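Everything below concerns the one structure shown next.
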Amino acid sequence: MSYFDVASSAPLHPVARQALQASLDEGWADPARLYREGRRARLLLDAAREAAADAVGCRPDELSFTSSGTQAVHSGIAGALAGRRRVGRHLVVSAVEHSSVLHAAAALEADGGTVTEIPVDRSGAVSPAAYVAGLRPDTALACLQSANHEVGTEQPVADVASACRAAGVPLLVDAAQSLPWGPVGGEWSLLAASAHKWGGPAGAGLLVVRKGVRFAAQGPADERESGRAPGFENIPAVVAAAASLRAVQAEAAEEGARLRELTERIRARVPGLVPDVEVVGDPVRRLPHMVTFSCLYVDGETVLHELDRAGFSVSSGSSCTSSTLTPSHVLKAMGVLSEGNVRVSLPRGTQEADVERFLEVLPGVVAGVREQLGAPVSPASRAQSASLVVDALGKRCPLPVIELAKVIADVPVGGTVTVLADDEAARLDIPAWCEMRGQEYVGEEPADHGSAYVVRRSS
């Protein structure tokens, strides 16, 4: 079995396993106590904090350990907003942030605050100029991920951080995906990360608050972790987290170059092996181990199941793998195809043979799913009517797009096909299909029980 989903969670690193087992015997006592066992636990905790701070590039007294990356994000946003409440209650985020950031933003809006969402380009990156334009006199905090969790695109954190500092606005960076590959550059103010993303144990995260940043920890007062992460410290977990972070960063240069070559191979060869595929994300400014592509005329859930049966564990941002049946907010913000989305994120140690076998298996998997769904195969032009209406109401992705593809050849060049659909994914996937197939997307109109998407045949 080839596990290709470390962007979700990485296998426990050998160094983490060793550190965890060793600290289980030494780090069980209360580090706040002055007797021998407590002093021993305190030494482990302090050493872990120093190691993690060195890996992040901050002072040890700026770093607090949390129970997860999500808690670090939520605590960081809440504390920074509270610390600058006299400035205002305006938050700036990018449109492709992790759900933990967007959930915190939604909570702020529900409580009467305001949020500005900065759009991204088709590669998934924000423009520093657009980010600066989103700052206001009442902006209390800005948030920007260092690299995207679905497509791997790296964000211009250093430029945005400089602009935020010039405006007097602190910047919180979600570094969960990029920290294993090295410290985040730039003059950021707060940073959050999660240990299970780099091969540390689940249930451990970290929050960094730079000296000088106004911060008011929320919730009942607690004397531990500077009041930013209340409760008894999980010393074995944080020791393992810090040890594994240093280990993976030490391996990052060599392993990153090797994995980048493998993901470049996937990026280059998948479009030639599988027809009607869009590779998404920035081809250059991206994490070395991640590649994402979307396949027309297939649903992501079935593709993932078939790949699993073939021995590959991958992930997807497709609406078809979500219980809400709504497109990934990341793919939606980028304006790219969401149906049949496959995210491959390679773990350290992935072998060339594993990638080659994936490339051998993928075309047959996609072809089989397309055949099951009755997807069109190079339909011949028949040009029978100047306009057609396709009723795809009640059908989920990718069926509305499949129905469109089946009949586009039935109208002459210049003719139109109107697709009636009530699936939210159609709003994203029909325009994406038009761009991929060289057809003109006219627009969306209201319709009974859904929307009407109008496409004009251009070729």
Side-chain angles (χ1 to χ4, degrees), residues 9-76 79 173 175-176 179-184 188 190-213 215 217 219-252 348:
S9 189
L12 196 64
H13 194 282
V15 169
R17 187 181 303 277
Q18 294 169 4
L20 184 64
Q21 290 174 339
S23 55
L24 283 172
D25 292 331
E26 299 291 331
W28 51 268
D30 187 345
R33 302 305 173 206
L34 299 179
Y35 42 71
R36 180 175 52 191
E37 293 85 357
R39 295 196 306 272
R40 186 182 299 132
R42 169 57 64 180
L43 286 173
L44 287 173
L45 181 60
D46 289 346
R49 198 182 313 278
E50 290 179 6
D54 181 64
V56 171
C58 67
R59 292 170 40 158
D61 59 353
E62 295 174 330
L63 187 147
S64 299
F65 290 110
T66 65
S67 63
S68 68
T70 295
Q71 189 203 24
V73 166
H74 289 173
S75 298
V173 177
L179 192 57
W181 302 103
V184 178
W188 47 265
L190 303 96
L191 180 143
S194 183
H196 75 99
K197 300 294 187 181
W198 64 68
L206 57 85
L207 170 64
V208 178
V209 181
R210 294 283 200 191
K211 292 296 181 183
V213 175
F215 190 92
D222 192 276
E223 69 276 8
R224 298 179 188 272
E225 295 302 306
S226 303
R228 295 167 187 163
F232 195 90
E233 294 95 343
N234 185 347
I235 293 177
V238 301
V239 168
S244 56
L245 178 57
R246 293 191 66 174
V248 298
Q249 285 192 353
E251 305 164 353
R348 287 168 170 77

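Everything numeric in this text was worked out from a predicted model, so none of it was measured.
Cation-pi geometry between R33 and W28 is not met at under 6.0 angstrom from the ring centre and within 45 degrees of the axis.
Annotation: side chain of S75 is not in contact with side chain of T66 (no heavy-atom distance under 4.5 Å). Considering only heavy atoms from C-beta on, L179 comes within 4.5 Å of Q249 through its side chain. Looking at heavy atoms from C-beta onward, L206 lies in side-chain contact with L191 at the 4.5 angstrom threshold.
In this structure, P201 and A240 approach most closely via the heavy-atom pair CD-CB, 3.8 Å. Considering every non-hydrogen atom in both W188 and V173, the closest pair reads CB-CG2, 3.6 Å. Of all non-hydrogen atoms in H13 and A247, the two that sit nearest each other are CE1-CB, 3.9 Å. Residues P236 and G27 share a closest heavy-atom pair of CD-O, 3.9 Å. Taking both residues in full, the closest heavy atoms of A55 and P183 are given as O-CG, 3.3 Å, listed atom of the first, atom of the second, then distance. Across A29 and G38, no two heavy atoms sit closer than the pair CB-N, 3.9 Å.
Expressed to the nearest 0.5 Å, how far CG of L34 lies from CZ of R39 amounts to 8.0 Å.
With sequence neighbours left out, the salt bridge (Lys or Arg N to Asp or Glu O under 4.0 Å) criterion links D46 to R42. Residues that satisfy the salt bridge (Lys or Arg N to Asp or Glu O under 4.0 Å) test with E26, not counting sequence neighbours, are R40. Every residue two or more places apart in sequence or in another chain was checked for a salt bridge (Lys or Arg N to Asp or Glu O under 4.0 Å) with R17, and none qualifies. Residues that satisfy the side chain to side chain donor-acceptor pair (under 3.5 Å) test with W198, not counting sequence neighbours, are S244. Applying the side chain to side chain donor-acceptor pair (under 3.5 Å) rule to S67 yields the partners Q71; only residues at least two apart in sequence or on another chain are considered.
For the pair E50 (side chain) and P60 (backbone), a donor-acceptor distance under 3.5 Å is absent. In this structure a side-chain-to-backbone donor-acceptor pair under 3.5 Å is present from R49 to L63.
Applying the side chain to side chain donor-acceptor pair (under 3.5 Å) test to pairs two or more places apart or on separate chains, those with a residue in residues 227-238 are R224-E233.
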